[in-house]
Q: 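Here you go, one structure.
In what follows, chains carry the letters A, B, and so on, assigned in the order in which the sequence lines appear, proteins first and then strands, with residues in each chain numbered from 1.
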Amino acid sequence: MKLIDEKKVTSGMKGRIFRNSLFKNIFLLATLLCLLFLIVLFWRILSQGLAYLDWQFLNSLPSRKPEKAGIYTALNGTLWMMAVVVPVTMILGIGTAIYLEEYAKKNKFTTFIQVNISNLAGVPSVVYGLLGLTIFVRALNLGTSVLAAGLTMSLLILPVVIVSAQEAIRAVPNSLREASYGMGATKWQTILNVVLPAALPGILTGTILALSRAIGETAPLVVLGIPLYLAFLPTSFLDEFTALPMQIYNWTSRPQAEFQNLAAAGIIVLLAILIIMNSVAILIRNKFQKKY
Amino acid sequence: MPDKKESQSISVQKLIAEKRKKGSKKRTEKIIPFILLLTAIVSVFTTLGILFTLLVETFTFFSHVSLVEFLTNNTWYPFSDPGEFGIWPLVSGTIRVTGIAILVAVPIGLAAAIYLSEYASDRVKRIIKPILEVLAGIPTIVYGFFALTFVTPVLQKLIPELEIFNALSPGLVMGIMITPTIASLSEDAMSAVPDKIRHGSLGLGATKFETAMKVVLPAASSGIIASIVLGISRAIGETMIVSIAGGSTPNLSFSVTSSIQTMTAYIVQVAQGDAGYGTTIYYSIYAVGFTLFLFTLVMNLLASWISRRIREEY
Amino acid sequence: MAMTAKKERERATDIQEKKTKNIVYKTKELNLWYGEKHALKNINLDIAENEITAIIGPSGCGKSTYIKTLNRMVDLVPGVKTSGEILYRGRNIFDKDYEVEELRTRVGMVFQNPNPFPKSIYDNVAYGPRIHGIRDKKILDQIVEKSLRGAAIWDEVKDRLHDNAYGLSGGQQQRLCIARCLAIEPDVILMDEPTSALDPISTLKIEELVQELKNEFSIIIVTHNMQQAARISDKTAFFLNGEVIEFDDTDKIFSTPSDQRTEDYITGRFG
């Protein structure tokens with residue numbers, strides 16, 4: 001006697017195959033939902049903000065009158081802030097990555113640093129805001145300056161920069177290091193002349209992506225107390241400033257429809273910057289992808 | 001120095017020996033690792049800074065308000081005199097928004113992960129993955145704007161009693177925001193399941209769907225759970241969407257249609273206003289921040305503990 | 001250092017007259033451990049100047065470890081311990097005040113897989129001189145040309161010196177790596193299975209090159225290819241399980257080995 005009733009299996013087969021293709025399509029639809037959301041989001045923001053986006057918008061100071069308002073100070077402030085963030089994160093991020101990958105011995109202290117970095121990556125950005133408020137704004141008395149905000153943002157994106165730089169350095173094959181040591185090069189010469197140049201595209205890709213996060217972050221700036229409205233440009237790193245996401249936030253929280261349209265226009269500029277940065281990062285990644 | 005044109009006449013070793021005398025290589029080699037170590041220590045000091053900041057200011061807060069009140073009072077109304085500082089309304093706001101976000105993100109994220117790892121061709125993957133990356137890269141202020149100016153009005157047409165500020169709209173949008181996190185980490189976990197396990201199931205005549213649900217998902221379960229926990233952690237810490245679209249009325253209830261306030265939104269509200277330095281309200285944002293920090297820390301540790309167990313499986 | 005440079009020049013002129021050759025490397029009672037694993041056991045070897053010394057043996061016999069000990073590249077492996085002495089030109093390379101960088105400047109190395117840097121051909125060859133402080137463009141140009149000629153690759157690359165080295169074929173890359181090594185005019189060249197990743201024609205070119213280089217350099221070559229050892233080397237050492245079983249003139253090793261195990265190996269009974 002057979003234990004399996006073949007008829008039953010055969011008759012059930014159709015339903016099982018149908019279920020398979022049904023769920024395949026459900027899974028695909030769910031995935032496409034993300035695409036749909038993205039399309040609606042872009043369409044909505046473009047249709048709202050495109051009309052306000054012109055040379056005058058980029059070149060004007062903020063104003064109480066929507067038709068005169070612009071993002072000149074905000075855009076400028078973001079640039080000032082990035083002028084702090086870029087060197088600070090590059091130096092600290094790449095330095096840490098080199099230390100961990102090339103120098104650090106495998107011991108508890110190194111593991112601790114590594115675990116600590118991955119935990120920092122999970123700390124909410126608003127908490128970094130509190131850190132910056134206490135340490136940079138108050139204790140170091142930097143106020144709501146470019147420097148205070150830049151340093152806070154640097155600490156926020158540092159874990160991301162470190163981890164991506166580590167991956168890029170780890171991807172450099174050991175045979176290249178050996179070749180350099182074999183010529184009598186010292187460790188630092190090898191790192192500087194062989195490892196870093198080979199890892200640079202990877203490091204840059206990761207860093208640019210992290211920097212684009214810093215440009216869009218709003219919460220830490222709000223917590224630091226960066227002004228929502230400012231009618232003058234910073235002239236030094238110790239001056240007050242406002243940034244693009246702050247300006248967008250300011251307009252978003254106004255009830256009048258015109259200001260919301262301005263916010264949409266600001267968002268278009270912000271997204272354009274981010275898209276350009278991401279494209280550059282992808283270009284670098286594709287151009288320099290090397291097979292060792 | 002040899003100056004003849006004949007290249008044979010250069011002694012490279014001799015040149016090297018001359019340069020070696022002048023060089024200060026040795027000192028550089030000793031100083032550099034020390035400098036690099038200092039840069040690595042910055043991240044340790046960041047953690048210490050966060051802990052120190054939160055602890056000290058929270059401690060000051062508890063010298064104004066008792067811990068008992070913080071944990072047992074069911075009202076958060078700091079702007080009265082004396083203010084009421086019961087944390088639960090804020091926690092309840094955070095939980096409601098996070099819950100909605102998870103209800104959106106888990107099904108969509110898992111569906112996308114299953115589709116990508118079990119069904120999609122490489123070509124389809126190359127189209128879908130960047131879309132998810134774009135979703136993950138959009139600043140939260142943009143999501144907040146979208147929630148307030150588009151999602152809420154649309155929802156109001158469907159649910160007339162929905163207030164302008166509510167938990168539902170930011171929750172839904174936040175769900176989309178954390179979908180990429182869950183999708184990509186879950187897909188990693190599912191792709192890590194060895195093909196021989198799949199073949200074992202397919203070879204018995206099981207369909208791809210049956211294989212995915214009964215073999216791949218259970219095998220990848222710890223990675224998937226870890227991705228969900230990380231998604232929860234991100235939702236708890238998310239600030240701008242809830243600040244813009246969630247409102248600023250902390251309340252302890254189950255309502256998702258009325259205005260709420262999350263822990264993060266409260267911090268933003270106070271930081272933006274002019275609560276003077278040294279007031280109880282000023283210190284309260286650190287107590288709330290510390291609570292928030294604990295929530296996310298527990299989630300992150302849980303996620304890394306779960307995902308560390310993956311490696312033991314195969 | 002000036003002394004050795006002088007000595008080197010003397011050596012180059014009166015090398016033909018000398019009957020008994022100078023010893024470059026004298027290994028005395030060398031033992032090496034990777035953690036608990038005893039990888040080299042009581043090695044005693046004298047390696048002579050301007051000869052090609054081949055090191056053969058089955059995989060895992062310690063031949064690569066030995067050659068990497070000669071320029072202390074083995075230091076890079078965590079958990080390595082050594083005892084005994086290796087005298088390079090009379091000085092123990094394990095001495096505390098012996099700088100590995102100085103040793104490696106005198107002893108060049110060519111690796112198993114071609115490993116040019118992801119830089120231009122020119123920059124690859126100029127790498128060594130540059131890190132040792134030679135910046136003069138004219139001198140660098142001369143060194144690059146001389147080294148590329150020395151590695152028999154000049155004619156193939158002279159029109160594209162500033163192209164990326166990754167555009168070269170595997171065999172060309174390996175000759176570039178030899179040129180890179182020649183650029184610091186080493187005294188000894190260590191070659192760790194330099195042709196194992198190459199096709200037969202590239203291998204032949206490298207073998208011819210190695211025999212030419214013998215006139216100016218002392219060469220120690222690790223190979224798993226016995227025919228290669230027989231074709232190109234003057235002396236051959238047979239390693240087995242971390243020990244030197246036999247070390248003699250190549251002709252003798254391959255015709256009348258004195259140890260049964262050597263004979264078994266070269267006749268292909270194991271390995």
Q: What are the two closest non-hydrogen atoms of A:A179 and C:F111, and how far apart are they?
A: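 For A:A179 versus C:F111, the nearest heavy atoms are CA-CE1, 3.6 Å.
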
Q: Where the side chain of C:N115 meets the backbone of A:S175, is there a donor-acceptor pair that is under 3.5 Å apart?
A: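 Yes.
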
Q: What pair of heavy atoms forms the shortest contact from C:R104 to A:Y181, and how long is it?
A: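 Residues C:R104 and A:Y181, closest heavy atoms: CD-O, 2.9 Å.
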
Q: Which heavy atom in A:L176 sits nearest to a heavy atom in C:Y166, and how many Å separate them?
A: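 Where A:L176 meets C:Y166 most closely, the heavy atoms are CD2-OH, 4.1 Å.
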
Q: Among C:R130, C:R180, C:M109, which residue meets the side chain to side chain contact (heavy atoms under 4.5 Å, CB included) test with A:M183?
A: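 So, applying the side chain to side chain contact (heavy atoms under 4.5 Å, CB included) to A:M183 and each of C:R130, C:R180, C:M109, only C:R180 qualifies.
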
Q: Between C:H132 and A:G184, what is the shortest heavy-atom contact and its length?
A: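 That would be CE1-O, 3.5 Å.
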
Q: Hey, does A:P197 have a side-chain heavy atom less than 4.5 Å from the side chain of C:F117?
A: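 No; the side chains remain at least 4.5 Å from each other.
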
Q: So, applying side chain to side chain contact (heavy atoms under 4.5 Å, CB included) with C:I131, which one of A:V194, A:T186, A:N193 is it?
A: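 So the option named by the test is A:N193.
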
Q: Measure distances from C:V107 to the heavy atoms of chain A and classify the residue's part below 4.5 Å as side chain, backbone, both or neither.
A: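 The backbone, not the side chain.
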
Q: Select one option (side chain, backbone, both, neither) describing which atoms of C:P78 are under 4.5 Å from chain A's heavy atoms.
A: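 The answer is neither part of C:P78.
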
